[in-house]
Peer 1: 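I have a structure here, written as structure tokens, and I will follow up with some questions on it.
These values consider heavy atoms only, across backbone and side chains, with no hydrogens, waters or symmetry-generated copies. Chain letters run A, B, ... following the sequence lines, proteins first, then strands; residues in each count from 1.
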Amino acid sequence: MSSSSRGPGAGARRRRTRCRRCRACVRTECGDCHFCRDMKKFGGPGRMKQSCLLRQCTAPVLPHTAVCLLCGEAGKEDTVEGEEEKFGLSLMECTICNEIVHPGCLKSLPSCLQMGKAEGVINAEIPNCWECPRCTQEGRTSKKPKPPLASAEGPAVPSPSPQREKLERFKRMCQLLERVPDTSSSSSDSDSDSDSSGTSLSEDEAPGEARNGRRPARGSSGEKENRGGRRAVRPGTGGPLLSWPLGPAPPPRPPQLERHVVRPPPRSPEPDTLPLAAGSDHPLPRAAWLRVFQHLGPRELCICMRVCRTWSRWCYDKRLWPRMDLSRRKSLTPPMLSGVVRRQPRALDLSWTGVSKKQLMWLLNRLQGLQELVLSGCSWLSVSALGSAPLPALRLLDLRWIEDVKDSQLRELLLPPPDTKPGQTESRGRLQGVAELRLAGLELTDASLRLLLRHAPQLSALDLSHCAHVGDPSVHLLTAPTSPLRETLVHLNLAGCHRLTDHCLPLFRRCPRLRRLDLRSCRQLSPEACARLAAAGPPGPFRCPEEKLLLKDS
DNA sequence: AGTAACGTCTGT
DNA sequence: ACAGACGTTACT
């Protein structure tokens, strides 16, 4: 195997490895995803050899054995203090040519070997990842593969056009995500990342349906040569250590872009001022601009984002995007999804969309601050992604009118994740902290309500309208002395629950905080019994005028 | 030596 | 385009 005979740093591309620190790395396997089920330890055949979907590292690092192609040494950023010095001594891997160097080693090359004043384009999303000055300088990005510098004798690398397209998308993504100290003009088109349609977002890529959201293809390690059949031969890869940048450069291998990750915007310092064409800065600081932007809607913000690079960056501020609405979009494109992730909304409406399970999983894994999620009218197939998603901040979940949701499906969502160890913390379901749950139109029975009492005990608003199986016993359950919801419920929607009879009405007086009870379209309820409930004086519910018992269809 | 899993290739 | 397979790499 030729790649193993190459010394590290001699052009052998390095496989990335887990950071072991990110949230994904430190969690346990879900035991339930496609790849877990394949694992021998979970009773599978062990053929796929992939990491648990929930354990996909979000910051894959270079292996410890990686060294600089130029000096042959490892990363040495720990030996210095300043940011700039650290950068010069860190190992950077180019997403295009895959070469790993110390940026400092590049700078100290004789000037005749340097690439003018070209700067690398740093990809802040992935550690030690950039587009090296040479690739940047030569425009070796989306359009052309990196030609062998010394016109090596090797065969041209076949680059099928789909891969080329992916490369272009990848390049765009890198430009959009880059957080380079603005010395380079190589990313001038990155300002155009917001599109003209207002609420729809188009910018960097998200994997969408692709490849389970696997990590970005770094260069691989040349193992493609181990297969018979067609393969991309890499000429000149055994070249001398110091051949770069003069020697035959490894031809580019378009990375397999469908696997790259898009993460929340890094906490990189934002420019605080707006540079003007005249060279000076606009007197208003960023904070003032943000206060202006806060008065704009999504459409206007997207327009602002096309004004200039600085505005574009400022407008990603998540304070400007507390809620995002993608409802009723038949298909969600990768740019839309990554646009959401970059804006980190607190509330996201995906109702009646064709969001897929993978897309939802991808999103939720990257929206850890999400407080409100609306998925009404989506398919259970997709929504089941909630079953293995981390939802630490979730307060509102809307699952109305999802087809095929019965007790067993809701159970999946309510029960604690399978990897929660009994002694770890107390076993907590995902919806423990949820205050508002909308379950209208689902085929739930009292079995689900019992689970709700146990695993969603903090509900203040519950929508069970048009749940055909909800009847008097359900109200008994909800208002029983043992029910935690008896104390917490403020809003309860039971509209269209035909099985409810007058007998259940007095039970609602057990809920001291109940302020709004929707009993519209409950055929068996008599106006008289409802009137008696409504007239119930203190300490019963519905005391204030704005607190209502809704009885009739308005 | 053993385990995990990365990145690419193949068949559909 | 996708899912599955698997050689190989990274690390213990």
Peer 1: Quick one: A:Glu93 CD to B:dC6 P, roughly how many Å, whole number?
Peer 2: 14 Å
Peer 1: Output the rounded distance in Å from CD1 (A:Ile100) to P (C:dT9).
Peer 2: 14 Å
Peer 1: Let me know, please, whether A:Asp38 or A:Thr17 comes out on the 5' side of the other along DNA chain C by nearest nucleotide.
Peer 2: A:Asp38
Peer 1: Report the nucleotide, chosen from B:dA5, B:dG7, C:dG4, that has the shortest atom-to-atom distance to any side-chain atom of A:His34.
Peer 2: C:dG4
Peer 1: Could you tell me the separation between the CD atom of A:Gln359 and the P atom of C:dC2, rounded to a whole number of Å?
Peer 2: 10 Å
Peer 1: Would you list the atom pairs, donor with acceptor, under 3.5 Å between side chains in residues 72-82 of chain A and any protein atom, with sequence neighbours excluded?
Peer 2:
| residue | atom | partner | partner atom | Å |
| --- | --- | --- | --- | --- |
| A:Glu73 | OE1 | A:Lys76 | NZ | 3.4 |
| A:Thr79 | OG1 | A:Lys76 | O | 2.6 |

Peer 1: Whole angstrom is fine here: how far is it from CZ in A:Phe42 over to P in B:dA4?
Peer 2: 10 Å
Peer 1: Who pairs with A:Ser408 by side-chain contact (heavy atoms from CB on, under 4.5 Å), at least two apart in sequence or on another chain?
Peer 2: none
Peer 1: Give the nucleotide from the list C:dC2, C:dA10, C:dC11 with an atom nearest to the side chain of A:Arg14.
Peer 2: C:dA10
Peer 1: Rounded off to whole Å, could you give me the CG-to-C1' distance for the A:Leu53 and B:dA4 pair?
Peer 2: 15 Å
Peer 1: Looking at A:Lys40, does any N or O in its side chain come under 4.0 Å of the phosphate oxygens OP1/OP2 on B:dG2?
Peer 2: no
Peer 1: What nucleotide, of B:dA5, C:dC11, C:dC2, holds the atom closest to the side chain of A:His64?
Peer 2: C:dC11
Peer 1: Distance check needed: C:dA3 P versus A:Phe35 CZ, whole Å only.
Peer 2: 9 Å
Peer 1: In terms of side-chain geometry, is the basic nitrogen of A:Arg37 or A:Asp32 positioned less than 4.0 Å from the acidic oxygen of its partner?
Peer 2: yes
Peer 1: To the nearest Å, how far apart are A:Lys49 NZ and B:dC6 P?
Peer 2: 12 Å
Peer 1: Does the base of C:dG4 carry an N or O that pairs as donor and acceptor with the side chain of A:Gln50 under 3.5 Å?
Peer 2: no
Peer 1: Consider the side chain of A:Met48, meaning its heavy atoms from C-beta on, and name the nucleotide among C:dA3, B:dA5, C:dA5 that approaches it most closely.
Peer 2: C:dA5
Peer 1: Take the protein atom CZ of A:Arg16 and the nucleotide atom C1' of B:dA4, then report the distance between them rounded to whole Å.
Peer 2: 18 Å
Peer 1: Nearest to the side chain of A:Arg47, which nucleotide is it out of C:dA5, C:dA10, B:dA4?
Peer 2: C:dA5
Peer 1: Using a cut-off of strictly less than 4.0 Å, decide whether A:Arg15 has a side-chain nitrogen or oxygen near OP1 or OP2 of B:dA5.
Peer 2: no
Peer 1: Within less than 4.0 Å of OP1 or OP2 of B:dA5, is there a side-chain N or O belonging to A:Arg55?
Peer 2: yes
Peer 1: For the residue pair A:Arg18 and A:Ser51, confirm or rule out a side-chain donor-acceptor distance under 3.5 Å.
Peer 2: yes
Peer 1: Apply side-chain contact (heavy atoms from CB on, under 4.5 Å) to residues A:Leu375 and A:Thr353 and explain how you reach the verdict.
Peer 2: CA-CA 8 Å; A:Leu375 293 170; A:Thr353 60; over 6 Å; no
Peer 1: With a 4.0 Å limit, can you tell me whether A:Arg18 has a side-chain N or O closer than that to the phosphate oxygens OP1/OP2 of B:dA5?
Peer 2: yes
